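Order of appearance sets the numbers: ligands from 1, and atoms from 1 within every ligand. This chain uses plain numbering: 1 for the first residue, then up along the sequence. As the structure is a prediction and not an experimental result, all values here were calculated from the model.
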Amino acid sequence: MNRKIKLISGNANIELSKKIAEFLGVDLCKVVISRFTDGEIGVRIDENIRGKDIFIIQPTSPPAENLMELLIMVDACYRASAQRITAVVPYYGYARQDRKDQPRVPITAKLVANLITVAGAHRVLALELHAAQIQGFFDIQVDNLFAAPVLFEYIKGKKLQKLTVVSPDVGGIKMSRAVAKRLGANLAIADKRRTAADSSEIMNIIGEVAGSDIVIVDDIISTGGTITQAAGALKKAGAGRIIAAATHPVFAGSALEKLESSPIEEVVVTNSIPFVDTGKCKKINVLDISPLLGEAIRRIHTNESISNLFD
Ligand code: R5P
């Protein structure tokens, strides 16, 4: 790999950063991330990065310190005269507040885009943004990768019978359709109504699922409410085996307990966010997304096509 490339990792997902570095055959740049006594974050880049092509790897999953750390690292690189700074954000937090659908609410997806841009990033490499239009919230270049090929390869090996891919809501149809197309499977949709910011209800299953094995595909599992309710509704409608596949394992609140007691047989996620196995759910299977991110970084660095990755 060209010596001009430098990978910098924040603390949010060091294991993923190490795997990406290994994929690219480079070392992670020496960086000291420290805390002042009052909790403020300090960053010092311990190598000369003047004129380098910098990729800062940091999912902005909770806590908000992860986002702050990313912003401070971008600022440090900018002030150290990096030639180009790409914020590699395998999980883009605060994405779900992406429109003003009630009076007096923020659009945090846009706020975070502004913050990353103002900090000094020249481009963003994201994975499975909650909504594709978030790309337009940035006035810098954004590459939005899809986990579908990684999920697809794994699901293909499961040898499921009469397979139907289910999107747990209308917003997820595009992602589910991409997986269904590659698997030659049918597509069905759960009719989800959001009852509050963090809770929802599945009203109906639209499509034929009786007697079919199911893969429910979603971008995020947060509280687990959406995916477990969809699984319950699918079982009621006569579905066979159910597997859940999601890109980002946020697993908030009692998500793991909910998944464990649900009719879902296996929950397949990626390592965009670290999953700490507490033993609460024995169904979690983490797929490695680092080769996809590593290859995208390589292509950005060498000005090759990213869309070719998904042909
Ligand atoms: C919603 O639009 C997303 O695609 C996910 O379905 C949702 O964020 C999952 O959240 P939870 O696990 O809390 O239901």
Side-chain angles (χ1 to χ4, degrees), residues 59-62 89-102 105-110 112 126-135 137 144-148 151 165-180 187-207 214-235 242-264 266-270 272-273 275-276 278 280-281 283-286:
T60 54
S61 43
V89 189
Y91 172 73
Y92 184 79
Y94 283 92
R96 284 176 289 173
Q97 298 175 68
D98 60 0
R99 61 195 173 281
K100 197 161 178 244
D101 55 357
Q102 303 167 50
V105 294
I107 304 180
T108 56
K110 170 67 179 158
V112 171
L127 171 69
E128 211 81 64
L129 283 170
H130 175 62
Q133 59 269 26
I134 291 173
Q135 291 168 87
F137 294 180
N144 182 26
L145 306 178
F146 306 108
L151 300 174
V165 174
V166 175
S167 171
D169 54 28
V170 175
I173 292 177
K174 203 169 169 217
M175 182 182 180
S176 303
R177 194 188 292 129
V179 176
L187 183 65
I189 302 159
D191 175 17
K192 176 172 111 174
R193 308 271 156 89
R194 200 157 269 297
T195 46
D198 235 1
S199 57
S200 55
E201 229 177 287
I202 301 286
M203 313 298 285
N204 262 312
I205 300 292
I206 304 163
I214 303 289
V215 179
I216 310 172
V217 176
D218 209 350
D219 58 335
I220 302 169
I221 301 178
S222 181
T223 65
T226 301
I227 220 141
T228 54
Q229 283 188 39
L234 286 160
K235 269 288 169 203
I242 301 178
I243 291 182
T247 309
H248 306 299
V250 175
F251 296 151
S254 56
L256 291 170
E257 289 89 337
K258 272 189 214 154
L259 291 166
E260 184 65 13
S261 61
S262 76
I264 298 170
E266 184 179 352
V267 181
V268 186
V269 293
T270 79
S272 66
I273 301 174
F275 166 63
V276 183
T278 51
K280 285 185 187 158
C281 180
K283 304 175 177 178
I284 313 292
N285 188 354
V286 182

Peer 1: Just to confirm my output: which protein heavy-atom neighbour is closest to atom 9 (C) of ligand 1, and how far is it?
Peer 2: I220 O, 3.4 Å

Peer 1: Are any of the N or O atoms of I221 closer than 3.5 Å to those of ligand 1?
Peer 2: no

Peer 1: Considering only the protein, which heavy-atom contact is closest to atom 8 (O) of ligand 1, and what is its distance?
Peer 2: R96 NH1, 2.9 Å

Peer 1: So F275 and V269, do their side chains get closer than 4.5 Å, heavy atoms only?
Peer 2: no

Peer 1: Out of all atoms in ligand 1, which are within 4.0 Å of some heavy atom of G224? Include the element for each.
Peer 2: 11 (P), 12 (O), 13 (O)

Peer 1: D169 heavy atoms, cut-off 4.0 Å: which ligand 1 atoms fall inside?
Peer 2: 1 (C), 2 (O), 4 (O), 6 (O)

Peer 1: Is the closest heavy atom of H130 to ligand 1 under 4.0 Å?
Peer 2: yes

Peer 1: Checking the side chain of K280 only, and the main-chain atoms of E257 only, is there a donor and an acceptor separated by less than 3.5 Å?
Peer 2: no

Peer 1: Check whether any heavy atom of G172 sits under 4.0 Å from an atom of ligand 1.
Peer 2: no

Peer 1: Looking at every heavy atom in both H130 and A95, which two are closest together, and how far apart are they?
Peer 2: CB-CB, 3.8 Å

Peer 1: Closest non-hydrogen protein atom to atom 14 (O) of ligand 1, residue and atom name please, with distance?
Peer 2: T226 OG1, 2.5 Å

Peer 1: Could you tell me, atom by atom, which parts of ligand 1 come under 4.0 Å of a heavy atom of K192?
Peer 2: 1 (C), 6 (O)

Peer 1: Less than 4.5 Å apart, side chain to side chain, heavy atoms only: is that true for L127 and H248?
Peer 2: yes

Peer 1: What is the closest protein heavy atom to atom 5 (C) of ligand 1, and at what distance does it sit?
Peer 2: D218 OD2, 3.3 Å

Peer 1: Identify the protein heavy atom lying closest to atom 4 (O) of ligand 1, giving its residue, its atom name and the separation to 0.1 Å.
Peer 2: D219 OD1, 2.6 Å

Peer 1: Donor-acceptor pair, distance only, cut-off 3.5 Å: does the side chain of K283 make one with the backbone of S262?
Peer 2: yes

Peer 1: Below 4.5 Å, heavy atoms only, C-beta onward: do K192 and P168 meet side chain to side chain?
Peer 2: no

Peer 1: Nearest protein heavy atom to atom 13 (O) of ligand 1, by residue and atom, and its distance?
Peer 2: T223 OG1, 2.5 Å

